[in-house]
Participant: 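Can you read through this structure? Questions will come right after.
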Number of protein chains: 2
Amino acid sequence: MPDSALIDAARDFNRFYTNFLGVLNKAYLDTPFTLTDARVLFEIGSREQVSAVALARDLQLDPAYLSRILKRFKTEGLIETTPDPDDRRSQLISVTDQGHQQFQELGKRSNDQITQRFNKLAAGEPRSIVAAMKTIRSLLDPGATLPPLVIRPHRAGDMGWIVESQAKFYTEEYGWDMRFEGLVAEVAGRFLGNFDPAMDYCWIAERGGINIGSILITNGGDGIAKLRLLYIDRSARGLGLGKTLVDERIRFAKAKGYRQISLWTNDILHAARAIYLKAGFRLVAEERHRMFGPELNGQTWVLDL
Amino acid sequence: MPDSALIDAARDFNRFYTNFLGVLNKAYLDTPFTLTDARVLFEIGSREQVSAVALARDLQLDPAYLSRILKRFKTEGLIETTPDPDDRRSQLISVTDQGHQQFQELGKRSNDQITQRFNKLAAGEPRSIVAAMKTIRSLLDPGATLPPLVIRPHRAGDMGWIVESQAKFYTEEYGWDMRFEGLVAEVAGRFLGNFDPAMDYCWIAERGGINIGSILITNGGDGIAKLRLLYIDRSARGLGLGKTLVDERIRFAKAKGYRQISLWTNDILHAARAIYLKAGFRLVAEERHRMFGPELNGQTWVLDL
DNA sequence: ACAATTTAGTTGACTCAGTCAAACAATTAT
DNA sequence: ATAATTGTTTGACTGAGTCAACTAAATTGT
């Protein structure tokens with residue numbers, strides 16, 4: 001049995017969040033919709049077609065009550081129904097253009113509300129909150145699907161994120177000292193300072209608004225692309241993301257006309273080494289160094305394209 | 001502005017938790033209490049004495065509605081009231097023995113409910129959930145007491161944090177481009193790379209484990225200390241933290257034997273400028289530049305120690 | 001094949017949680 | 001003293017949500 005402090009804490013949180021959601025949901029009164037209306041419209045709007053049963057089940061609503069809501073939405077022109085070809089008892093519900101507009105308006109208000117909340121917080125806090133929400137959600141609702149992984153070019157702050165997360169990780173895991181963070185910061189700084197959109201590129205892997213990985217390609221001159229700052233967050237390891245990032249970047253480098261990719265790493269980073277090996281890189285140089293405190297084997301790997 | 005994937009995630013969680021709490025709260029129907037009744041009884045039961053106003057405020061209830069609920073509780077013998085000696089309009093409410101029994105019964109049911117949920121989970125999971133709940137709570141609940149502000153030397157990842165937060169802020173607020181982040185990263189990189197414990201220093205202001213401000217002193221040679229990367233997070237502005245940081249660092253520079261402090265900033269950063277002026281800095285040079293996109297007035301300020 | 005049962009959705013009839021405005025009584029401010 | 005404010009109660013509603021009964025189509029059992 002879980003211990004009682006945990007249960008108390010959970011009850012406490014539930015009480016708190018009941019209050020909190022109560023406040024949030026009152027704000028829907030600025031619109032002609034009740035909370036339930038909003039939930040229904042939202043659910044219809046975010047799917048293509050739904051049947052009434054499915055709605056009632058997912059939102060835990062009384063079918064009679066739902067039926068009335070839908071009827072009202074229909075007379076207001078927010079939704080339209082077509083008979084289900086597979087089951088003539090059932091109607092498939094979808095939003096009209098007008099309903100879609102309302103749906104988006106609701107979404108906007110909801111966003112604004114949360115934006116306002118978040119703006120009162122310190123910069124890193126929304127991310128902590130969302131991460132915590134995801135934890136709860138994934139454990140409490142095993143059916144929840146992970147938001148999709150997005151790989152996108154870098155934005156403001158991403159380089160800082162790379163510096164921070166790499167520094168924390170290698171310091172904790174391998175005891176590297178601040179010079180490592182310094183090196184990463186300098187690499188990041190030069191990358192941004194001399195950024196050449198034609199030949200340089202940075203990709204950030206993100207899931208649900210949270211950065212989980214990075215990789216850079218910079219122009220080393222002489223047709224050589226340098227692969228740098230490959231990093232995968234703890235939470236995303238073992239999923240093949242590193243391999244994907246590297247493979248895709250090889251293709252990218254080829255397309256950009258580079259004739260060789262080169263990278264520098266350290267032998268103790270086994271996972272990374274495995275990825276490079278598999279991608280066809282070969283080790284061309286190795287040197288012992290103490291750049292970051294502990295003694296390490298720095299390695300240079302290259303791949304001819 | 002926080003980015004939209006985060007907001008979506010938060011909305012998604014709120015929707016999920018609205019459902020979740022809805023299910024949880026329906027279960028109260030096994031008792032003669034509605035959710036609101038239960039909340040009220042719980043609140044009274046867990047305090048010694050409360051006034052009706054306080055209850056209405058904390059639970060966000062309509063006073064008229066609350067008044068009726070209390071009346072019912074009173075006729076049912078769950079609560080008793082004594083006139084407030086300090087204010088004869090007001091009544092102090094407390095639970096009777098019978099009310100206390102009901103209160104505990106409610107608590108028991110609530111515990112059982114959560115125990116059941118938790119029992120379905122894997123061993124470590126309840127702990128993770130509760131930790132996540134605490135994170136959310138502490139960040140979202142303005143009533144929760146603020147953990148104390150700590151000013152400490154930098155640790156692994158702090159420079160990355162500085163880069164990230166400054167880049168995000170100046171990009172959002174002033175439309176500066178990636179070269180700004182590049183510059184900050186390089187400054188940070190050089191600071192760490194050439195770190196001299198005797199003459200360089202970085203302070204991070206942190207609250208509850210979350211960074212909210214920074215300032216650096218680096219050795220500019222010739223007895224000149226350079227003040228760099230002053231930054232205060234949105235959540236901590238207007239509290240005089242900037243002034244504290246600057247004033248303290250002036251004292252530090254003096255103690256280290258520097259004879260002058262110099263810094264570079266841009267004229268549009270009014271808050272920072274006010275701090276420097278007040279601290280006795282004087283403007284010694286100014287130049288128009290476009291280092292970060294928009295046209296700006298770079299300013300060099302110095303203070304003789 | 002066809003009766004029995006289940007499922008999708010609708011309608012009538014109701015109730016009770018929650019709201020709004022006004023009133024009263026005590027306190028605080030001017 | 002008088003006015004404005006605050007704590008609480010009451011009257012008069014309303015409308016969100018419920019429950020039971022019903023139609024019609026689909027599924028199941030024999």
Side-chain angles (χ1 to χ4, degrees), chain A residues 18-19 21-41 43-44 47 49-76 79-94, chain B residues 18-19 21-23 25-44 47 49-76 79-94:
Chain A
T18 300
N19 263 322
L21 287 174
V23 176
L24 277 191
N25 293 334
K26 286 240 170 69
Y28 275 119
L29 292 178
D30 294 355
T31 75
F33 299 110
T34 64
L35 171 60
T36 312
D37 284 354
R39 289 173 67 207
V40 171
L41 187 56
E43 205 62 27
I44 302 172
R47 311 192 193 181
Q49 301 224 308
V50 228
S51 66
V53 240
L55 274 180
R57 180 183 9 93
D58 295 351
L59 298 174
Q60 310 252 18
L61 292 177
D62 181 296
Y65 181 29
L66 179 61
S67 171
R68 275 177 241 278
I69 293 174
L70 292 176
K71 197 173 167 193
R72 201 177 70 236
F73 281 0
K74 211 167 168 184
T75 61
E76 282 167 3
I79 59 170
E80 56 196 3
T81 58
T82 53
D84 184 339
D86 299 339
D87 185 339
R88 274 177 305 156
R89 292 170 305 177
S90 178
Q91 300 268 322
L92 293 176
I93 306 160
S94 53
Chain B
T18 299
N19 265 322
L21 287 175
V23 175
N25 293 334
K26 286 236 172 74
Y28 275 118
L29 291 179
D30 293 357
T31 75
F33 299 109
T34 64
L35 171 61
T36 312
D37 284 354
R39 289 172 68 207
V40 171
L41 187 57
F42 183 87
E43 205 64 26
I44 302 172
R47 311 191 193 184
Q49 300 226 306
V50 228
S51 68
V53 239
L55 274 178
R57 182 187 4 95
D58 295 350
L59 298 174
Q60 310 253 14
L61 293 176
D62 182 297
Y65 181 30
L66 178 61
S67 171
R68 275 178 242 277
I69 292 174
L70 293 176
K71 197 172 162 193
R72 201 176 69 237
F73 281 2
K74 212 167 167 185
T75 62
E76 283 167 1
I79 58 171
E80 55 196 2
T81 58
T82 53
D84 185 338
D86 300 338
D87 185 341
R88 275 177 305 157
R89 292 171 304 180
S90 180
Q91 301 265 322
L92 293 176
I93 306 160
S94 53

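Every chain is numbered from 1, with letters handed out A, B, ... down the list of sequences.
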Participant: Please report the distance, rounded to the nearest Å, between CG in B:Leu66 and P in C:dT19.
Facilitator: 12 Å
Participant: Could you tell me the separation between the NZ atom of B:Lys71 and the P atom of D:dT8, rounded to a whole number of Å?
Facilitator: 15 Å
Participant: Begin with the C-alpha distance, continue with both residues' side-chain angles, and end with the deciding distance and a verdict on side chain to side chain contact (heavy atoms under 4.5 Å, CB included) for A:Ile44 and A:Leu70.
Facilitator: CA-CA 10 Å; A:Ile44 302 172; A:Leu70 292 176; 3.9 Å; yes
Participant: Figure out the CG/C1' separation between A:Asp62 and D:dA16, and round it to whole Å.
Facilitator: 11 Å
Participant: Is there a side-chain polar atom (N or O) of B:Ser51 under 4.0 Å from OP1 or OP2 of D:dG7?
Facilitator: no
Participant: Any idea which of D:dG11, D:dC19, D:dG7 is nearest the B:Val53 side chain?
Facilitator: D:dG7
Participant: Nearest-nucleotide wise, let me know which of B:Leu92 and A:Asp37 is further upstream toward the 5' end of DNA chain D.
Facilitator: B:Leu92
Participant: Between the side-chain atoms of B:Arg57 and the base atoms of D:dG7, is any donor-acceptor pair under 3.5 Å?
Facilitator: no
Participant: With the side chain of A:Ala64 defined as its heavy atoms from C-beta on, choose the nearest nucleotide among C:dA21, D:dC19, C:dG9.
Facilitator: D:dC19
Participant: Is any side-chain N or O of B:Ser90 closer than 4.0 Å to OP1 or OP2 of D:dT8?
Facilitator: yes
Participant: Enter the distance from A:Gln60:CD to A:Leu66:CG here, rounded to the nearest 0.5 Å.
Facilitator: 12.5 Å
Participant: Would you please confirm or rule out a distance under 4.0 Å between OP1 or OP2 of C:dT10 and any side-chain N or O of A:Ser67?
Facilitator: yes
Participant: Look at the side chain of A:Arg68 against the base of D:dT18 and say whether a donor-acceptor pair falls under 3.5 Å; ignore hydrogens and angles.
Facilitator: yes
Participant: Expressed as a whole number of angstroms, how long is the span from B:Leu35:CG to C:dA17:P?
Facilitator: 12 Å
Participant: May I have the distance from A:Gln91 (atom CD) to D:dA25 (atom C1'), rounded to whole angstrom?
Facilitator: 12 Å
Participant: To the nearest angstrom, how far is B:Ile93 atom CD1 from D:dT9 atom C1'?
Facilitator: 13 Å
Participant: Of the listed nucleotides (D:dA16, D:dT10, D:dT18), which one gets closest to any side-chain atom of A:Arg72?
Facilitator: D:dA16
Participant: Going from NZ on A:Lys71 to CD1 on A:Ile79, what distance comes out if it is rounded to the nearest 0.5 angstrom?
Facilitator: 12.5 Å
Participant: If I take atom CG from residue A:Leu92 and atom CG from residue A:Asp84, how far apart are they, to the nearest 0.5 angstrom?
Facilitator: 4.0 Å
Participant: Let me know the distance between CZ of B:Phe73 and C1' of D:dT8, rounded to the nearest Å.
Facilitator: 17 Å
Participant: What distance do B:Thr36 atom OG1 and B:Leu41 atom CG have between them, rounded to the nearest 0.5 Å?
Facilitator: 12.5 Å
Participant: Measure NZ/A:Lys74 against C1'/C:dT10 and give the value in whole Å, please.
Facilitator: 12 Å
